[in-house]
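Numbering of ligands and ligand atoms starts at 1, following listing order. Note that the structure is predicted; figures quoted are calculated from it, not measured.
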Amino acid sequence: MAATHQAAILPQKGGPLTVGERATPEPGPNEVLIEVKAVALNPVDYFQRDLGMPPVPIYPAVIGSDSAGIVAKLGANVSTVPGPGSRVIAFASSFYQNGSPDHGAFQKYALAQSESVVALPDALSFKEGAVFPLAVMTALTAWTTVGIPLDTKYAPQDKQAVLIWGAASSVGAFAVQSAKTLGFTIYATASAKHHEYIKKLGAHAVFDYKASDVVSQIVDAVRRDGVNLHTTHCVVNESLQPTLHVLKETKGDAAAKVAHSPVLPKDHPTLDKTEIKFNFPSMNKAVRDKHMYQCFHGWLQDGLRSGSVVPSPSIQVEGGGLEGLNPALDKLKAGVSGIKIVVPI
Ligand SMILES: NC(=O)c1ccc[n+]([C@@H]2O[C@H](COP(=O)([O-])OP(=O)(O)OC[C@H]3O[C@@H](n4cnc5c(N)ncnc54)[C@H](OP(=O)(O)O)[C@@H]3O)[C@@H](O)[C@H]2O)c1
């Protein structure tokens with residue numbers, strides 16, 4: 001292995017990313033060095049590039065978190081990840097490593113903690129593998145954020161329903177897939193053109209959030225189906241108020257829970273007996289590492305092996321390698337509909 005590799009480096013707040021050489025690191029005892037073959041993009045990447053938010057503690061930085069590639073080297077204590085040469089999916093994020101630029105995905109060699117590295121099935125390409133990490137972690141963290149353990153298995157007679165507002169997004173599509181595993185009856189919102197796709201992922205009913213009567217459509221369906229809708233995931237901006245309107249009708253006097261994936265606006269609306277929580281993993285490293293292991297080595301690995309979990313949403317490949325990341329991030333920032341942008345590098 002060469003001593004250096006190419007990286008898309010964020011030299012300062014405001015960007016742009018510039019391609020340069022970095023020293024290739026050695027993995028720590030519980031880490032894996034990945035030869036990155038494809039990365040996927042997330043809104044947090046352009047927030048960090050353009051605004052330095054969430055905080056970027058170290059410049060020059062390497063951002064990005066979704067990668068698929070080949071194991072180059074295992075740390076001394078790693079026993080849960082296949083050995084060098086194996087194809088893997090890796091959540092390679094400097095965010096959870098105090099900003100360490102060795103851990104960002106947007107480079108040819110990146111470090112990832114072993115809890116977040118799992119085998120990529122032969123049937124999936126690197127491009128498909130790259131779509132999973134941050135969206136899976138966020139979709140699954142929403143459940144634990146509102147007190148629902150990941151090993152929950154509701155039976156149909158439990159009549160437990162969930163509302164996922166924004167199911168055509170990356171996080172939303174995995175919210176649907178994971179809600180299915182947990183046994184929820186799933187109500188979701190998306191543009192009409194994505195309804196069939198989201199039903200295929202596991203939704204019971206999908207509603208067009210642009211319809212003026214979307215709230216009453218959902219409430220009527222929940223009443224007709226005779227299920228208990230007390231749990232919701234607001235995946236996208238502008239979803240809290242309509243979600244609370246639905247809950248007000250479906251929960252009666254009971255308690256309800258909302259996981260909110262975008263940062264909660266300061267003066268956000270509220271509802272009686274309804275807990276509204278920002279969806280975020282624990283900042284306690286030991287707790288978070290255990291959760292990460294359950295997300296990746298539990299839900300994702302099991303689902304990939306059985307075929308019950310699939311890459312979602314559809315992939316849009318952008319070219320240009322590391323040089324192509326700035327324009328690809330600009331495309332994501334301009335807004336996407338039912339796609340995940342992936343860049344082979
Ligand atoms: N808390 C965390 O740790 C964390 C982690 C990752 C992401 N996030 C946040 O989670 C959100 C989703 O991220 P993402 O990467 O999944 O987003 P994304 O894929 O870029 O979201 C695009 C999708 O949002 C949908 N959408 C937009 N406005 C909507 C509305 N009012 N109602 C329903 N759907 C709407 C669109 O659906 P249609 O195509 O159907 O119109 C579009 O497909 C972002 O705010 C992101 O910053 C938070």
Side-chain angles (χ1 to χ4, degrees), residues 39-51 53-54 63-66 91 93 95-96 105 116 130-146 163-178 187-199 201 203 206-212 214-215 217-218 232-243 245-246 258-265 268 276-283 288 291-292 295 311-316 328-342:
V39 298
L41 310 189
N42 292 286
V44 65
D45 302 330
Y46 62 73
F47 280 122
Q48 287 200 307
R49 181 192 64 173
D50 300 344
L51 306 171
M53 286 299 291
I63 60 172
S65 44
D66 285 350
F91 181 49
S93 167
F95 182 79
Y96 291 114
S116 68
V131 308
F132 293 101
L134 183 59
V136 163
M137 172 98 172
T138 308
L140 294 178
T141 303
W143 304 119
T144 53
T145 294
V146 296
L163 174 61
I164 295 165
W165 200 289
S169 66
S170 284
V171 173
F174 284 114
V176 171
Q177 293 201 56
S178 56
Y187 298 80
T189 69
S191 294
K193 64 178 173 180
H194 300 308
H195 287 193
E196 282 315 305
Y197 177 70
I198 292 161
K199 282 184 193 165
L201 293 180
V206 192
F207 302 85
D208 185 352
Y209 64 89
K210 291 167 190 155
S212 57
V214 60
V215 167
Q217 282 186 38
I218 299 170
T232 61
H233 181 173
C234 289
V235 185
V236 295
N237 284 315
E238 311 298 334
S239 58
L240 182 56
Q241 186 65 78
T243 295
H245 285 322
V246 171
V258 180
H260 196 275
S261 281
V263 175
L264 268 168
H268 65 79
I276 302 168
K277 289 183 81 176
F278 177 48
N279 173 20
F280 211 67
S282 173
M283 289 317 279
R288 187 176 66 241
H291 173 66
M292 242 185 224
C295 291
S312 65
S314 306
I315 290 169
Q316 177 172 314
L329 282 172
D330 293 339
K331 277 193 186 163
L332 178 64
K333 191 176 178 180
V336 293
S337 176
I339 56 145
K340 185 79 174 172
I341 297 182
V342 172

| message | Need the ligand 1 atom indices (1-based, order shown) with element for anything under 4.0 Å from a heavy-atom of Thr138. | response | 2 (C), 4 (C), 5 (C), 6 (C)
| field | Value rounded to 0.5 Å, distance of CG in Leu332 from CG in Asn42 | value | 7.5 Å
| query | In terms of atom number and element, which parts of ligand 1 are under 4.0 angstrom from non-hydrogen atoms of Gly166? | reply | 33 (C), 34 (N)
| contact_flag Val44 ligand 1 heavy-atom lt 4.0 Å | no
| note | So the atoms of ligand 1 within less than 4.0 Å of a heavy atom of Pro262 turn out to be 45 (O)
| task | Could you tell me how the ring of Trp143 sits relative to the ring of His233: parallel (under 30°), tilted (30 to 60°) or perpendicular (over 60°)? | result | perpendicular
| Where the closest heavy atom to atom 44 (C) of ligand 1 is concerned, which of Val235, Val171, Leu134, Asn237 has it? | Val235
| request: Could you tell me which atoms of ligand 1, counted from 1 in the order shown, lie closer than 4.0 angstrom to a heavy atom of Trp165? | output: 32 (N), 33 (C)
| remark: Residues at least two apart in sequence or cross-chain that pass side chain to side chain donor-acceptor pair (under 3.5 Å) with His194, listed by chain then number, are Ser337
| With sequence neighbours excluded, residues passing side chain to side chain donor-acceptor pair (under 3.5 Å) with Lys331 | Glu318
| message | Using heavy atoms and a 4.0 Å limit, tell me yes or no: is Gly338 in contact with ligand 1? | response | yes
| note | among protein heavy atoms, the one nearest atom 40 (O) of ligand 1 is Ser191 N, 2.7 Å
| said: Looking only at protein heavy atoms, which one is nearest to atom 17 (O) of ligand 1, and what is the separation? | reply: Ser169 CB, 3.8 Å
| message | Check whether Ser93 reaches the backbone of Phe95 with its side chain - one donor and one acceptor, N or O, closer than 3.5 Å. | response | yes
| remark: among protein heavy atoms, the one nearest atom 24 (O) of ligand 1 is Val236 CG1, 3.6 Å
| query | What atoms of ligand 1 come within less than 4.0 Å of a heavy atom belonging to His194? | reply | 38 (P), 39 (O), 40 (O)
| request: Provide, to 0.1 Å, the distance between atom 22 (C) of ligand 1 and the closest protein heavy atom, together with that atom's residue and name. | output: Val336 O, 3.6 Å
| Does a donor on one side chain and an acceptor on the other come within less than 3.5 Å for Thr141 and Asn279? | no
